[in-house]
Engineer: 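Dropping the structure in here first, questions after.
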Protein chains: 2
Amino acid sequence: MRVSKTPIPARDADATRARIMAAVGSLLVREGFGALGVNAVAREAGVDKVLIYRYFGGMDPLLEAWGNASDFWPSVEEILGTEPETDPARLAAGLLKRHLRALRARPHTLEVLAWETVARHPLTAILARIREARSEQLMATLPPSFREAGFDVEAFSALLGAGLQHLLLRSRTTDVFNGVPIGTGEGWLRLEAAVDALCSRMFSTSAIRT
Amino acid sequence: MRVSKTPIPARDADATRARIMAAVGSLLVREGFGALGVNAVAREAGVDKVLIYRYFGGMDPLLEAWGNASDFWPSVEEILGTEPETDPARLAAGLLKRHLRALRARPHTLEVLAWETVARHPLTAILARIREARSEQLMATLPPSFREAGFDVEAFSALLGAGLQHLLLRSRTTDVFNGVPIGTGEGWLRLEAAVDALCSRMFSTSAIRT
DNA sequence: TTGACATGTCACCAACCGGTGACTACCTTG
DNA sequence: CAAGGTAGTCACCGGTTGGTGACATGTCAA
């Protein structure tokens, strides 16, 4: 009569590693960043926490691995779109809208962005570095006419980009922001239309006013 | 020879209550809301934590009391400004800019707003309620022409308001956002100028385009 | 003076946290 | 078969957290 204490220990390191990584993601979107810890991840993965130390070296390296592995940030192509656009207003609006849609499809990324606006953490630093590289890569593809549009394009795009990002973050927990239903697709259609209008009017009338 | 264990116990309940309340604020701005707890507040106030339970009934009631006490949200007058404005573009820009300045002067409020984006909490609910009331109060003072400007004013102001708020939150930990130095007054001047330009062009050309 | 009450100190609790060492079970290589 | 490494379990450590009960000390009124 065998009294084996370990009925199905699986005994598959790669699978265990994968379970731990997956647990990070699901725990993140379900409980939020505050719940992320060695004990919690181990519980979520159904695994002893000592394996986290053995396989990853601790929580921070695990988060690094997780951030590097998943398609955390949208690719440059996803933001640039397929066909080239010359009209600066359409170009700007297209970039903003594709950026919006890319983030809207990535709840993990959204969660980390939320954390980043609030607290400093090794993971947010890691991911910020990846994002910076992507951002520079993207900026390099933009035509120089974009920068000399007759108004402060940096401040303009900072304002709109920040606005979209903030609304995305709020949409995780709130249904309506300033009367706009950010919990539904209809609200985002209205916001995309607003982005279109803003870009169009800024770039087309940029020469009229100083 | 007296061996009094309590050299200066102060013995002033009101003062102790005040010290606890003050400790919440200073701890919040210095360490962030993650560090808020019974032990931390008691330490910060130089007070035994049992007094927090005795005087406030726990951490959440303490936070409620704190949120209700301080001038957390700017008054309606502070947002509306002194002199009435009829031009809708100037009116909108003025509202946004005064809102921005009011929040920039309130680090406590900013910290709780940041908190609100990542977690639900009794305190954030309390403050959200106060904010809602102020917001409605403010909206009631705006002329109806504001709503029928020929474009989606709600989406427009949601986007700009959210953008400013997001940049405010990011400025707590980051110096530059999209090339704009949000850590310095110069960056905020540029952003205010961008708000002016956006409002001006949206309201002045609203009839030209659909 | 005596008692009631308010104020504050202290010790303690269970629960959780991150982290580590010792162990068993298994598979592979000789 | 034996040896060694790998995968996983378990028990434990010190420290911190939220929370409570017992107690000392001061103040004030009867």
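Source: prediction; values computed, not measured. Each chain gets a letter, A, B and so on, in the order its sequence line appears, and its residues count up from 1.
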Engineer: Quick one: which residue pairs count as a ring-ring contact (aromatic ring centres under 6.0 Å, His included) with a foot in residues 125-147 of chain B, not counting sequence neighbours?
Structural biologist: Phe146(B)-Phe203(B)

Engineer: Who are the side chain to side chain donor-acceptor pair (under 3.5 Å) partners of Arg98(B), not counting sequence neighbours?
Structural biologist: none

Engineer: At 4.0 Å (heavy atoms only), tell me whether Val50(B) reaches a base, stays on the sugar-phosphate, or touches nothing.
Structural biologist: base

Engineer: Who passes side chain to side chain donor-acceptor pair (under 3.5 Å) against Ser157(A), sequence neighbours left out?
Structural biologist: Asn178(B)

Engineer: Using ring-ring contact (aromatic ring centres under 6.0 Å, His included) as the criterion, list what pairs up with Phe177(B), not counting sequence neighbours.
Structural biologist: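 Not a single residue meets the ring-ring contact (aromatic ring centres under 6.0 Å, His included) criterion with Phe177(B).
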
Engineer: Applying salt bridge (charged side-chain N to carboxylate O under 4.0 Å, His left out), which residue pairs with at least one partner in residues 173-182 of chain A are found, sequence neighbours left out?
Structural biologist: none

Engineer: Tell me, which of residues 52-63 of chain B have any heavy atom that sits under 4.0 Å from an atom in DNA chain C?
Structural biologist: Arg54(B), Tyr55(B)

Engineer: Check if the side chain of Arg11(A) and the base of dT6(D) share a donor-acceptor pair of N or O atoms closer than 3.5 Å.
Structural biologist: yes

Engineer: Per the ring-ring contact (aromatic ring centres under 6.0 Å, His included) rule, what does the pair list look like for residues 94-128 of chain B, sequence neighbours excluded?
Structural biologist: Phe33(B)-Trp115(B), Trp66(B)-His108(B), Trp115(B)-His121(B)

Engineer: Kindly indicate whether the side chain of Pro74(A), heavy atoms from C-beta on, has any atom under 4.5 Å from the side chain of Arg101(A).
Structural biologist: no

Engineer: Applying side chain to side chain contact (heavy atoms under 4.5 Å, CB included), name anything that partners Asp71(A), two or more places apart in sequence or on another chain.
Structural biologist: Arg106(A)

Engineer: With the criterion being N/O to N/O and under 3.5 Å, what pairs connect the protein with nucleotides 11-14 of chain C, and how long is each?
Structural biologist:
none

Engineer: What parts of residues 34-45 of chain A reach DNA chain D, counting only heavy atoms under 4.0 Å away?
Structural biologist: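 Of all residues in residues 34-45 of chain A, none places a heavy atom under 4.0 Å from DNA chain D.
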
Engineer: Check the distance between dT7(C)'s P and Asp14(B)'s CG and give it to me in whole angstrom.
Structural biologist: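 Distance, rounded to whole Å: 8 Å.
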
Engineer: I need the CG-P distance between Leu51(B) and dG18(D), as an integer number of Å.
Structural biologist: 16 Å

Engineer: Does Arg170(B) pair with Glu116(A) as a salt bridge, N-O distance under 4.0 Å?
Structural biologist: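 Yes.
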
Engineer: Can you run down the salt bridge (charged side-chain N to carboxylate O under 4.0 Å, His left out) pairs that involve residues 132-142 of chain A, sequence neighbours left out, and say none if there aren't any?
Structural biologist: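 The answer is none; no pair qualifies.
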
Engineer: Write out all pairs satisfying salt bridge (charged side-chain N to carboxylate O under 4.0 Å, His left out) with one or both partners inside residues 42-61 of chain B, taking only residues at least two apart or from two chains.
Structural biologist: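 For residues 42-61 of chain B: Arg30(B)-Glu44(B).
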
Engineer: Counting only side-chain N and O atoms of Thr16(A), is one of them less than 4.0 Å from OP1 or OP2 of dA7(D)?
Structural biologist: no

